[in-house]
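Quick notes on the structure that follows.
Predicted model, so just to flag it, every value in this text is computed and none were measured.
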2 protein chains.
Amino acid sequence: MLKISKLTDYATVILSLMAKNNGRVCAAMELATATGISLPTVSKILKALVNAKVLISTRGAKGGYLLAAAPDKITVATIISALEGPIAVTECSISQQGCEQAAGCNISGHWNVINRAIYNALESVTLADMIKPQETLIPIASLYRIENHNVSQ
Amino acid sequence: MLKISKLTDYATVILSLMAKNNGRVCAAMELATATGISLPTVSKILKALVNAKVLISTRGAKGGYLLAAAPDKITVATIISALEGPIAVTECSISQQGCEQAAGCNISGHWNVINRAIYNALESVTLADMIKPQETLIPIASLYRIENHNVSQ
DNA sequence: TCATTGGGGACTATTTTAGTCCTATTTAAT
DNA sequence: ATTAAATAGGACTAAAATAGTCCCCAATGA
């Protein structure tokens, strides 16, 4: 189904919430309560986001997390890679030397094109877009630019 | 990592091979030998492709499998959905009523935009593209049309 | 000094995916 | 008819990835 992980999905929920709390430091506990996701899980996600420099953390009492950039500078692609590693549909697209499939797999170039297209799509939507009311999002029409190519069924 | 499953990857290898054998009926055994993938696994994949109408099968002696359409009419999107079900990055994008996440998840519309963009990318590459030598594939430049939108890093 | 809060990592449980195997059905050839 | 060669369908097991929890350490403000 080509789906993102549950944790990544949670991450978007958490980050959306933080974006709405514009600039306020949020403790993990607070975010857990607000989202209904358990504290250990929220913590795990927040740690990953700090490592990926999506969030900045402050330790100690009154500590917490803060967005490292404005919501319109944080893309969905960044969030996904923070939690799942590099975005690539196939194993071999990453390792660059895997794919020892006997049967002449010289397909990899094509997967790279696909990867690139998917990456661009994910890079085109930001946290800021995500917290906008739904009506305003049809305008992101550039995303549809790639169609009319082999629209068979 | 947002990756396709191994079986889907195998499927593209198998289908590429069949596309090259233009119009010849192939038995599962033959494809297993040619690709180095085990027979039970190849069979499983072929069955899924028949169900998805990507292949046509003939039973009995001298039976086997045949592409149900010309290679340029079979898209990567079709192959992926044959093996993994509908293409959607999030669970809720499919069920249309999941996502009972307390914290006001009205993000789904945005995922739909992303899903659509990804689907279009996958729909734009066909089996015929895949069996072309790699050089000829840079021209599929329309795929890159969606960039320049939030190209941060 | 102590309560609060994050950091890092180990660990377990769960779910998904991959892979195998068995039995039935179909069909060509003899 | 009988047999051999194929696919169909589904049950089952094994392996891997994901999700989720927990513990102990480090930092910081009151």
Interatomic distance, B/Leu55 CG vs D/dT7 P [rounded to whole Å]: 11 Å
Close side-chain approach of B/Val25 and B/Tyr65, heavy atoms under 4.5 Å: no
Footprint string (nucleotides 5-18 of chain C, 5' to 3'): B base within contact, S backbone only, - free, heavy atoms under 4.0 Å: BBBBB-------SB
Side chain proximity check, A/Trp111 to B/Asp9, heavy atoms < 4.5 angstrom: yes
Spacing of B/Ile37 atom CD1 relative to C/dT20 atom P, expressed in whole Å: 11 Å
Side chain to side chain, A/Leu17 and A/Val13, heavy atoms closer than 4.5 Å: no
B/Leu31 CG - D/dA5 P separation (whole Å): 18 Å
Separation of atom CD1 in B/Ile45 from atom P in C/dT20, rounded to whole Å: 11 Å
Side chains of A/Glu84 and A/Ile4 in contact at under 4.5 Å (non-hydrogen atoms): yes
Check: A/Ile87 and B/Leu2 side chains under 4.5 Å, non-hydrogen atoms: yes
Which residues share a side chain to side chain contact (heavy atoms under 4.5 Å, CB included) with B/Arg24, sequence neighbours left out: B/Asn21, B/Cys26, B/Glu30
